[in-house]
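Worksheet: the structure to be examined is printed underneath.
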Amino acid sequence: MRSFALAGALVAGVGLAGTAGTAAAAEDTVAKPAVVGTTAAVGWGTCSSDTLAGVPADQVKYYSCARYRVPIDHDNAALGTIDIALLKRAARTPDRRVGSLFLNPGGPGGSGLRMPIGGEYYFQPAVLDRFDLIGFDPRGVGQSNPLRCFTTQEDADEVFNAQIPVPLSRAQISGTLASYRDYGRFCKNNAGSLLNHMSTKDVVRDLDTLRASVGDQKLTYVGFSYGTLIGSTYASMFPKQSRAIVIDGNVDPALRTSDGVEYDRERAQGFEISLDGFLERCDQAGAKCAFSDGTPRAKFDELREYLRKQPITIPGGGTVDINAFTGGVSSVLYSPSAFPGLAEDLQALYNVIHPAGAQAQAQQAKPLKVLTGGKQGLADQNPDSPYTGDDSYFAVNCSDKPFRINQEQVPDIAAKWERESRTFGRYQAFADTAACPVWPAKKPDVYRGPWRAKTDVPVVVVSNFYDPATRYQFGQRMAAELGNSRLLSVDAFGHCILGDALGVDKAVADYLTDLKVPANGQVFQPNVQPFATA
């Protein structure tokens, strides 16, 4: 259910890109726009069948779609325009409608277009009754003029397949760094003028235009993960246009926009904190956790160190190496419902390197549930096949996060981080920290504060104690930096929590619908704790 959040963890192997103009794969029908004040109104029309895939026939009537044109550079109309793809799910009780609720899933690079379709998961019925839910793909993402660095999938595969998530040898390290330089060259040659206008500030200016275009005097917004930077930036740039803003799974906006290296270092520490918590809960769960026999922490460390030297062959075929292991564990930490499967996989791998008796042999033969091996990347089946991804992840991150280092410093940084964050330090260092120093965007326009948001109503900041990607300390800092805020803490694992903690869901519903501000300092429980049984 949290698949939208994984974009922030999986760095290599994902890409999207593009130049100025209108993305038009299968355009939705739009009506002729009217005018709201001085802003052209959104021209809502019917949605394509692909956009509404999975929507029951009797619910289609609630949905409409549009494309809304915004400038590439809000300060320089001469650069041209791009179109933002929008989907609206109408309020179920229009006579009690409050306004529009804009949604963003994070990433950066996550497509938010279809988020309203899953509105029942995140929101209480009162929210669905009283708001038009509006999902959109931010600029450069999905159907909103995807920013593309490659013209063929083969070029993309060649670059991405050279990126080793946990490079250990000198050859792996140099090859990975070189692949990021190649990536930058492709982007410089192919991405066009949009490349220099992908900052969160650019997205926020689009969002304020969209707010006005749907006729709302003030913005009501819910953002997850990277979407918390959008929400906090909006509140700081446009405090008097902010009605109610909920941000779940928070970044530290001041640190993220002032020191990318330190931000990434602390992000790696957040994954380690989450992993420690998982292993502790497994130990406490006993037989409910398949990896609990013995000492889970020691067993995990032994597995990791073994994999640093050689892969483990899975009974029945395939292998797991340090790259698949680290990436797989990091991904599962986003979703506590997958913790039992991870525990089973860890025990199965442990049994392979410690074979003992018939029971262990039987366990070895079981296929892995969440950790998978084998080759990564796509097979080259069709020469010169079009590249259909996008490269918005790095385009946004490398615009917002300043890296005052040379790429040549990354191996030493990785070694340092590895000493303090043994599982994820090197993994994080060879992600943004290796890519952004050679990213070709030139002087992007970035909002770097001030962050004291003088909004009429406090911003609601929601943060899990064991969130891997946006550690709890980031949420505490977000609340402190905004000033006019309410921090809702959750004794939970996983990345983001709306939809998985009833107390939080009710508090957020009251806040969105009636501007009832929750008390500060509350600690909530998730609906289900890891390894709990019915």
(request) May I ask you to decide if the ring planes of Tyr180 and Phe394 are parallel, tilted or perpendicular, using 30° and 60° as cut-offs? (result) perpendicular

(request) Measure up the Tyr183 and Phe150 rings against each other and bin them: parallel (under 30°), tilted (30 to 60°), perpendicular (over 60°). (result) parallel

(message) Test side chain to side chain contact (heavy atoms under 4.5 Å, CB included) on Leu87 and Tyr63; report intermediate values, then the result.
(response) CA-CA 7 Å; Leu87 180 148; Tyr63 293 91; 3.6 Å; yes

Taking atom [atom1] of [X] and atom [atom2] of [Y], what is their separation to the nearest 0.5 Å?
| X | Y | atom1 | atom2 | result |
| --- | --- | --- | --- | --- |
| His74 | Ile72 | NE2 | CD1 | 10.5 Å |
| Trp439 | Lys188 | CH2 | NZ | 13.0 Å |
| Ser489 | Gln476 | OG | CD | 6.5 Å |
| Asn250 | Ser232 | CG | OG | 7.5 Å |
| Asn104 | Ser225 | CG | OG | 9.0 Å |
| Asp445 | Asp75 | CG | CG | 6.5 Å |

Salt-bridge test for [X] and [Y]: reply yes if a basic N is under 4.0 Å from a carboxylate O, no otherwise.
| X | Y | result |
| --- | --- | --- |
| Asp208 | Arg211 | yes |
| Arg243 | Asp456 | no |
| Asp264 | Lys401 | yes |
| Asp491 | Arg281 | yes |
| Asp432 | Arg256 | no |

Do side-chain atoms of [X] reach the backbone of [Y] as a donor and acceptor pair under 3.5 angstrom?
| X | Y | answer |
| --- | --- | --- |
| Asp252 | Arg477 | no |
| Arg426 | Ala414 | no |
| Ser330 | Gly327 | yes |
| Tyr511 | Pro458 | yes |
| Asp216 | Ala212 | no |
| Asp500 | Pro526 | no |
| Ser274 | Tyr466 | yes |
| Asp467 | Thr470 | yes |
| Gln269 | Ser421 | no |
| Asp132 | Ala91 | yes |

With heavy-atom distances below 4.5 Å as the criterion, would you say the side chains of [X] and [Y] are in contact?
| X | Y | result |
| --- | --- | --- |
| Ser463 | Leu488 | no |
| Ile247 | Val460 | no |
| Phe102 | Ile230 | no |
| Thr423 | Phe271 | no |
| Leu103 | Pro116 | yes |
| Leu229 | Pro253 | yes |
| Thr81 | Arg69 | yes |
| Ile82 | Val70 | yes |

(message) Between Arg486 and Val457, is the side chain to side chain contact (heavy atoms under 4.5 Å, CB included) condition met? List the steps.
(response) CA-CA 10 Å; Arg486 294 291 186 271; Val457 177; over 6 Å; no

Do other residues, nucleotides or ligands put more than 12 heavy atoms under 6.0 Å from the [atom1] atom of [X]?
| X | atom1 | answer |
| --- | --- | --- |
| Lys443 | NZ | no |
| Gln217 | CD | no |
| Arg97 | CZ | yes |

(request) Carefully, step by step, assess Phe465 and Tyr472 under the rule ring pair (Phe, Tyr, Trp, His ring centres under 6.0 Å). (result) CA-CA 5 Å; Phe465 286 163; Tyr472 179 66; 4.9 Å; yes

Quick one: do the [X] and [Y] side chains pair a donor with an acceptor below 3.5 Å?
| X | Y | value |
| --- | --- | --- |
| Asp137 | Ser111 | yes |
| His495 | Asn464 | no |
| Tyr62 | Arg89 | no |
| Thr257 | Arg448 | no |
| Thr200 | Tyr226 | yes |
| Asp259 | Tyr263 | no |
| Ser48 | Thr51 | yes |
| Ser199 | Asp202 | yes |
| Arg265 | Gln428 | no |

Heavy atoms only: give me the nearest [X]-[Y] pair and the separation to one decimal.
| X | Y | answer |
| --- | --- | --- |
| Leu333 | Phe278 | CD2-CB, 4.2 Å |
| Ala244 | Leu515 | CB-CD2, 3.8 Å |
| Ser242 | Ala235 | OG-CA, 3.6 Å |
| Glu266 | Arg471 | O-NH1, 3.1 Å |
| Leu194 | Arg139 | CD1-NH1, 3.9 Å |
| Pro440 | Cys187 | CG-CB, 4.0 Å |

(message) Using side chain to side chain contact (heavy atoms under 4.5 Å, CB included), reason through Leu498 and Val222 one step at a time and then give a plain yes or no.
(response) CA-CA 10 Å; Leu498 274 180; Val222 174; 3.8 Å; yes

(message) Taking the ring centre of each residue, are Phe493 and Phe339 less than 6.0 Å apart?
(response) yes

(request) Assess the pair Phe224 and Tyr122: is the distance between their ring centroids shorter than 6.0 Å? (result) yes

(message) List the residues meeting side chain to side chain contact (heavy atoms under 4.5 Å, CB included) with Asp510, not counting sequence neighbours, and say none if there are none.
(response) Lys516

(request) Under the ring pair (Phe, Tyr, Trp, His ring centres under 6.0 Å) rule, what do Tyr234 and Tyr221 come out as? Steps first, then yes or no, please. (result) CA-CA 10 Å; Tyr234 188 95; Tyr221 171 85; 7.7 Å; no

(message) Tell me every residue that passes side chain to side chain donor-acceptor pair (under 3.5 Å) with Thr455, counting only those two or more places apart in sequence or in another chain.
(response) Asn484

